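For reference, the structure discussed in these notes is given below.
To find a chain, count down the sequence lines: A is the first, B the second, and so on, and within it residues start at 1. This is a predicted model, so every value here is computed, not measured.
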Protein chains: 2
Amino acid sequence: MSASAAILDTPSETPSLRQQAVLDAVLSLIVEGGDPLTMDAVARRASCSKETLYKWFGDRDGLLTATVRWQASRVHAGRTEIDALDAATLRKNLRDFAESWLSVIASPTSVALNRIAVAHAGSRKSNLGAIVLANGRFAIGERVKPVLEAGRAAGLLAFDDTEAAFRTFFGLVGRDIQIRLLLGDALPLDAADIGREAAHAVAQFLALYGRATP
Amino acid sequence: MSASAAILDTPSETPSLRQQAVLDAVLSLIVEGGDPLTMDAVARRASCSKETLYKWFGDRDGLLTATVRWQASRVHAGRTEIDALDAATLRKNLRDFAESWLSVIASPTSVALNRIAVAHAGSRKSNLGAIVLANGRFAIGERVKPVLEAGRAAGLLAFDDTEAAFRTFFGLVGRDIQIRLLLGDALPLDAADIGREAAHAVAQFLALYGRATP
DNA sequence: GCCGAACCGTACCGTACAGTACGGCTTAGC
DNA sequence: GCTAAGCCGTACTGTACGGTACGGTTCGGC
């Protein structure tokens with residue numbers, strides 16, 4: 001990768017406003033799908049020259065990487081405060097996580113980006129898959145696990161392995177949704193559905209890991 | 001698609017031995033991954049001419065479709081006999097399903113094929129994703145659901161919606177495994193792990209849906 | 001042994017797309 | 001107002017790959 005592209009090598013660097021506009025153009029093209037994502041199409045959509053694309057992002061891969069990071073940087077929600085954890089708060093927290101996670105994986109942007117990352121993971125080189133995982137599955141894990149542990153500390157949950165408990169939570173929430181969407185299944189899922197699914201998943205999770213309140 | 005390629009248009013047509021060899025060559029190339037799958041590479045690996053490929057499979061897409069179908073045709077296991085269903089048999093049946101499903105989604109072939117299908121689902125045209133779904137997620141569903149219903153008939157399980165119950169089963173078994181593998185996470189998962197995970201998932205499923213044995 | 005069909009290997013064509021070069025426009029600094 | 005930097009638009013290059021054409025070989029039917 002050329003030295004001039006180093007500006008986006010590290011995730012900490014924030015793209016300039018103009019660069020953000022370019023990345024948004026990439027996102028819109030990705031979400032629209034259909035025709036494959038070409039540098040020409042990006043330049044046209046973003047009203048910039050290809051030369052600029054290459055100067056800023058190095059190559060096509062760098063552009064993709066920057067796009068994935070850019071999208072990821074917008075997803076991170078604020079930390080949850082966990083004090084005074086009673087049963088109702090725990091349930092609400094978990095339901096919020098479930099809902100927001102379902103909203104993410106059901107969004108066209110997430111589906112399209114995951115498709116790119118999955119396809120990319122097949123051809124060795126770069127690490128789009130790793131970035132998506134780090135900002136998706138693992139990021140939500142790191143945010144949910146403290147809540148689970150707080151629930152355990154408050155005597156509301158019982159488990160040995162936090163990671164295992166989270167993976168159960170993840171499975172109960174996600175079920176077959178993500179793979180079906182990735183494979184192109186037209187799974188209708190509006191906000192009401194998501195709310196219902198989230199509540200159902202949390203109820204099941206609590207049935208498995210909840211401690212009977214004394 | 002040209003008329004001469006109609007031989008593989010319908011899933012019922014079985015490819016000839018030579019054609020099977022070609023499809024196996026495609027599979028081996030897909031699993032190896034790395035460089036993108038080109039018709040030249042297939043012809044070379046299968047020791048056949050590109051002309052033959054196009055005569056048999058119509059175009060690149062037809063070849064991919066035939067490959068996915070060919071792999072799918074090998075996965076279908078025999079039907080499970082469900083009579084005399086006691087708690088132990090039910091548990092064993094479910095564990096078998098869970099194990100075989102985990103073995104499938106953890107296999108390099110499945111991962112590689114799913115990657116192709118996911119990538120394909122982004123660009124409209126053909127239906128690789130649909131084929132994979134039909135022979136994966138939905139096929140296992142159609143095989144598990146009768147077992148669940150037999151369990152309910154025997155008074156061992158309690159649920160209203162068979163589909164919902166199966167989706168819970170699916171989620172408990174799969175958890176984050178498939179998406180992590182698709183995204184290139186090196187998730188170590190040997191036979192022993194699979195057995196343990198399957199048993200764990202079934203135990204959780206029974207905890208949720210099992211009826212206390214009288 | 002002869003014929004035709006199927007098929008292999010190779011050469012070939014057209015196109016799409018990554019990456020580069022460059023002329024012209026805009027804007028900032030002085 | 002002049003210069004230089006940054007960027008847009010467009011034109012260009014190289015190449016990889018999907019798809020086609022064709023001569024040579026094998027093989028089954030007669």
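Of the N and O atoms on the side chains of A:T52 and A:S49, at least one donor lies less than 3.5 Å from an acceptor on the other residue. Side-chain atoms of B:H200 and B:R175 include a donor-acceptor pair closer than 3.5 Å.
Counting non-hydrogen atoms of neighbouring residues, nucleotides and ligands closer than 6.0 angstrom, the CG atom of B:D160 reaches no more than 12 such neighbours.
Between A:E51 atom CD and C:dG24 atom P the separation is 15 Å, expressed in whole Å. B:M39 places its CE atom 20 Å from the P atom of C:dG14, with the value rounded to the nearest Å. Between B:L53 atom CG and C:dT10 atom C1' there is a gap of 14 Å when expressed in whole angstrom units. Residue B:L17 contributes atom CG, which lies 16 Å from atom C1' of C:dA6 at whole-angstrom precision. The distance from atom NZ of A:K50 to atom C1' of C:dA18 is 6 Å, rounded to the nearest whole Å. Computed from coordinates, the B:F57 CZ to D:dG19 P distance equals 14 Å when rounded to whole Å. D:dC22 atom C1' lies 17 Å from atom OH of B:Y54, rounded to whole Å. What separates CZ of B:R18 from P of C:dC8 is a distance of 5 Å, to the nearest Å.
B:L37 comes within contact range of the sugar-phosphate backbone alone, with a heavy-atom separation under 4.0 Å but no base atom that close.
At a threshold of 4.5 Å between non-hydrogen side-chain atoms, the residues A:L27 and A:L113 count as touching.
Two residues, A:R60 and B:A46, neighbour DNA chain C, and the one matched to the more 5' nucleotide by heavy-atom proximity is B:A46. Along DNA chain D, the nucleotide nearest to A:C48 and the one nearest to A:D40 differ in position, and the one closer to the 5' end is contacted by A:C48.
At C:dA6, none of the side-chain N or O atoms of B:W56 fall inside 4.0 Å of OP1 or OP2 (strictly under the cut-off). Regarding contacts with the backbone of C:dC7, a side-chain N or O of B:K55 is found under 4.0 angstrom from either OP1 or OP2. In this structure, A:T52 does not reach the D:dC7 phosphate: none of its side-chain N or O atoms is under 4.0 Å from OP1 or OP2.
Here the nucleotide nearest the side chain of B:S49, chosen from D:dG9, C:dG9, C:dG19, is C:dG9.
A pairwise comparison of heavy atoms in A:L208 and B:A207 identifies CD2-CB, 3.7 Å as the closest pair.
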